[in-house]
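In what follows, chains are A, B, ... by sequence order, proteins preceding strands, each numbered from 1.
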Number of protein chains: 2
Amino acid sequence: MATRIEDVAAHAGVSVKTVSRVLNGYANVRTNLRARIEASIRELNYVPNASARSLAGNRSYLVALLYDNPTAVSSYIMDVIVGVLQACKETPYNAVLHPFDAADDLAARIDGFVAQHRPDALVLVPPHANNAKLLQRLHELDIRYATISSKLRESCIDIGFDERKAAADIVSHLISLGHQRIGHITGLKGHGARTWRRSGYRDALRKAGIAYDESLVVDGDFTFASGVVAAKALLDHDRAPTAIFAANDDMACGVMREAYERGLSIPGDLSVCGFDGTPVSQLISPGLTTVRQPCREMGCAAVESVLQAIRDPAMSQQERLPYQLQLRGSSAAPGKS
Amino acid sequence: MATRIEDVAAHAGVSVKTVSRVLNGYANVRTNLRARIEASIRELNYVPNASARSLAGNRSYLVALLYDNPTAVSSYIMDVIVGVLQACKETPYNAVLHPFDAADDLAARIDGFVAQHRPDALVLVPPHANNAKLLQRLHELDIRYATISSKLRESCIDIGFDERKAAADIVSHLISLGHQRIGHITGLKGHGARTWRRSGYRDALRKAGIAYDESLVVDGDFTFASGVVAAKALLDHDRAPTAIFAANDDMACGVMREAYERGLSIPGDLSVCGFDGTPVSQLISPGLTTVRQPCREMGCAAVESVLQAIRDPAMSQQERLPYQLQLRGSSAAPGKS
DNA sequence: CTGACAAATGCCAGCGATGGCATCTTCGCA
DNA sequence: TGCGAAGATGCCATCGCTGGCATTTGTCAG
C-alpha cells in the first residue's frame, strides 16, 4: 500500500541499504548517487515507517514528556509541551505525552512504559524532575533524560531559570516603588518553587535593609482559593501590607478577588504581584505584574539538549534561561490612586 | 535486554502464539492456560514492544490528534488533549499530538504523516475538522477519524455540543435579568463558532421579542485586543448597551479591561458574558458569566467513538454533549450597583 | 469404542527497516 | 602500470510480534 524503502531503491536503481544510508545521514554515499536517491524519495513521497525503523534500529525516535496531574493540565505544563513539540518539529523525533500520577510508585511504573515504547529520551518536569527514586531508576535503565527544574543538578541535563533571583527582582520592583510592608503568599509545601520564591523575597528585603516580618508571610498552596484565604489574613493584619507578592499568578488573582470584595482599588490601595506569567496575567484588569517563566523555551531547550546527548553521551549540561519581569498595572507606588 | 514474548512463552510453557492470543484478547484459549500465561506476564513484568506489534499487526495503537496553531496552544485545545489522553489511558492506544499549520496544504501533508506513523485513528478539532479537502483525503486513504465540531456532519463520527443553543441560553439569561440593549462581539470570520454564537444571540432576542439592532453587533476575532476595540465601539454608541455578550472569554476580558479603563463598574454599569469557560473566567474579578464547553468530554468521547468504529467499521455517530451555563458575578440586573 | 468435527495450540513466514560483514570501486603512489 | 588501502555499495540476518494454516486435542453422537 504505502511506499517502502524497497520501492525507492528500485526507482533509484540502488540497493535498499544505500537508501537507508541516505535516510540516516551516513557520509559514505557518492554525491550523485545521494542526489538521485533523494530525488526518488521526493518523487515517490516516501516516508520511512516509524515502527519498522524503531524495531530494526533499536531506536524509537520518541521523546517522552512525563508530567503529573493528568486531570488538569496547568498552563505551565501546557507551555512546556508547546516547547517540546516545537523542538521535535525540526528533528526526526516525535513527542509522546505521558501523564504519570505522582502518587503512584513511579520508579516501578516507569519500567513498563520504557519497555513498551523505548523512548530514546525523557523530559521530566516538577515534581517528577525532583523524584530521586525515579531518577535513580532511569540511571539503572540507562535512559537519557533531561529535567526541567530550578535545582540545576550536576551531572545531568537540567534546564531551569533563576527562580530565586526572579522572585527577588519582582520584590525589589515593589520596594523601588516605595513599598516597605510587603506581604508574601507562599507556594505549596514540599515544592522547590515555594522555597526559591520565598528565599528571593527575603533576599530583596535584606538587600533593601527592610526587616523580615514573619507575620507578613502566609502559607498558600498555589490555588486561587488559597490566595483568597491568605489575602484575607494579610488584609486583616493590624498593620496591613501595601503590597502582596504571591508565589504564583493564580494566588495573585485570589488576592485581587479579595481586594475586589472589599472594595479596595488595585494598585491604589494595594499592589499585587504574581509569578509565572500565565495567560490570565494579561487578561485580568488591571494587568498583573509578574515574572514570565520561560516555559516554552525550557521545553525546547530540554529536548535539544537531550537529543544532543544522544549523539555525545558524555554530555551533561546545566542551562539557565532568561526570565522576564512583566510590569503591568497591578503594581504602583503605595497610597496612589 | 527487556522481556520478550518468547520469554513469557518459555516461562509459561506454551507457544509464543498462544501468549500473543492472550495479549490480543482472542477467545479460544483454555481458561487455565490463559490464567497461567497472565501470571507469567505479571511475574516477568512483560509489556509488548509497541514497534514490533505495530509492524507485524499493521496496527499502530496510535490515535493522532491534529490541531492548528503550533505556537500558542489555546486552553480549548489543551482541554481536548487532556480528554484524549484520558480516554487513551484505559486502552492499549496511545495519543500522538500533531500540530499542523492550517496555512499549509494539509491534504497533501497528511499523506506523509500517515505513511510515517500509520495512526489507527485521527481526531480533528476546528479548523481542521471543517477542512473539506482534508476530510476528503482521509476518506481516500481510508483512515478512520472523528471530528470535534458543532456541525454534526452525517456519515462521520462527530462530537460536539449545541453551540447555538448555548449562546441563546446565555443571552436569555441576560434578558431575564432585565437587559434590553445587549451588545454582541462576534468571533473571527470563517469560523463556525462565529456563526453559531451569533445565531444563538439572535435566537434569544427573537424569542424575547427584542428587535435585532445591527449597530449592537461588532466584529471581533477571538483575541483580547479585539475585545477591547469592540468594547470601545459599543460603549461609545449613543445608546450604549447595558450588557455585552462576547463570543469568547478572552474578548469578554477585553470588555472588562475597557470598562476598567473607563471606570465603569461591572456588573453595576455593565454586564458582561463570555463563552468557553476558560480558566480565566474563574480567576478574574468579578467572576465571568460564561458557558463551559465540554472540551475534555469531547476529546474523550471522540477517542472512544473512533476506537469503537475500529471494531465496528460501519459505525457513524453524532453526539451532542451537555454544556454548562456558569453564572458568576459579571452579570446582574441593569443599573444595579 | 470409534469416527467426525470443532476447538485449542503450534509452526513458520513476513511486516519494513537497519547492522554487520563481504564485495566491488576508486584512487594514490611506487 | 599495478597494487593495496580506503571508500562505496550490496547481501542477508535480524529486531519482536502477529497472521495464516497445519496439527493436535477434546467432544459427542452413533
_Testing the 3.5 Å rule here: is there a donor-acceptor pair between the side chains of B:Glu304 and B:Gln308?_
no
Nearest whole Å is fine: how far is [N] [atom2] from [X] [atom1]?
| X | N | atom1 | atom2 | value |
| --- | --- | --- | --- | --- |
| A:Lys17 | D:dG7 | NZ | P | 17 Å |
| A:Leu23 | C:dT18 | CG | C1' | 11 Å |
| B:Arg34 | C:dA8 | CZ | P | 10 Å |

Picking from [options], which would you name as closest to the side chain of [X]?
| X | options | value |
| --- | --- | --- |
| B:Ile5 | C:dA17, D:dG10, D:dT18 | D:dT18 |
| A:Arg4 | C:dG16, C:dG19, D:dC17 | C:dG16 |
| B:Ser15 | C:dT18, C:dG16, C:dG10 | C:dG10 |
| A:Arg21 | C:dT9, C:dT18, D:dG10 | D:dG10 |
| A:Asn49 | C:dG16, D:dG10, D:dT18 | C:dG16 |
| B:Val14 | C:dG10, D:dG19, D:dG16 | C:dG10 |
| B:Leu55 | D:dC17, D:dG16, C:dG10 | D:dG16 |
| B:Ser20 | D:dG10, C:dT18, D:dT18 | D:dT18 |
| B:Leu33 | D:dG19, C:dT9, C:dT18 | C:dT9 |

*asked:* Mind checking if B:Val29 touches a base, just sugar-phosphate, or nothing, with heavy atoms under 4.0 Å?
replied: sugar-phosphate
_Inter-end axis angle, the helix from C:dC1-D:dG30 to C:dA30-D:dT1, with every axis fitted to five base pairs (rounded, 10 degrees)_ = 40°
*asked:* Check whether A:Ser150 reaches the backbone of A:Asp162 with its side chain - one donor and one acceptor, N or O, closer than 3.5 Å.
replied: no
*Would you say A:Asn24's side chain and A:Ser20's backbone share a donor-acceptor pair under 3.5 angstrom?*
yes
*Specify the closest pair of heavy atoms between A:Tyr26 and A:Arg34, including all atoms of both residues, with the distance to one decimal.*
O-NH2, 2.7 Å
*Closest approach of B:His11 to B:Ser40 (non-hydrogen atoms, all atoms of both residues)*: ND1-OG, 2.8 Å
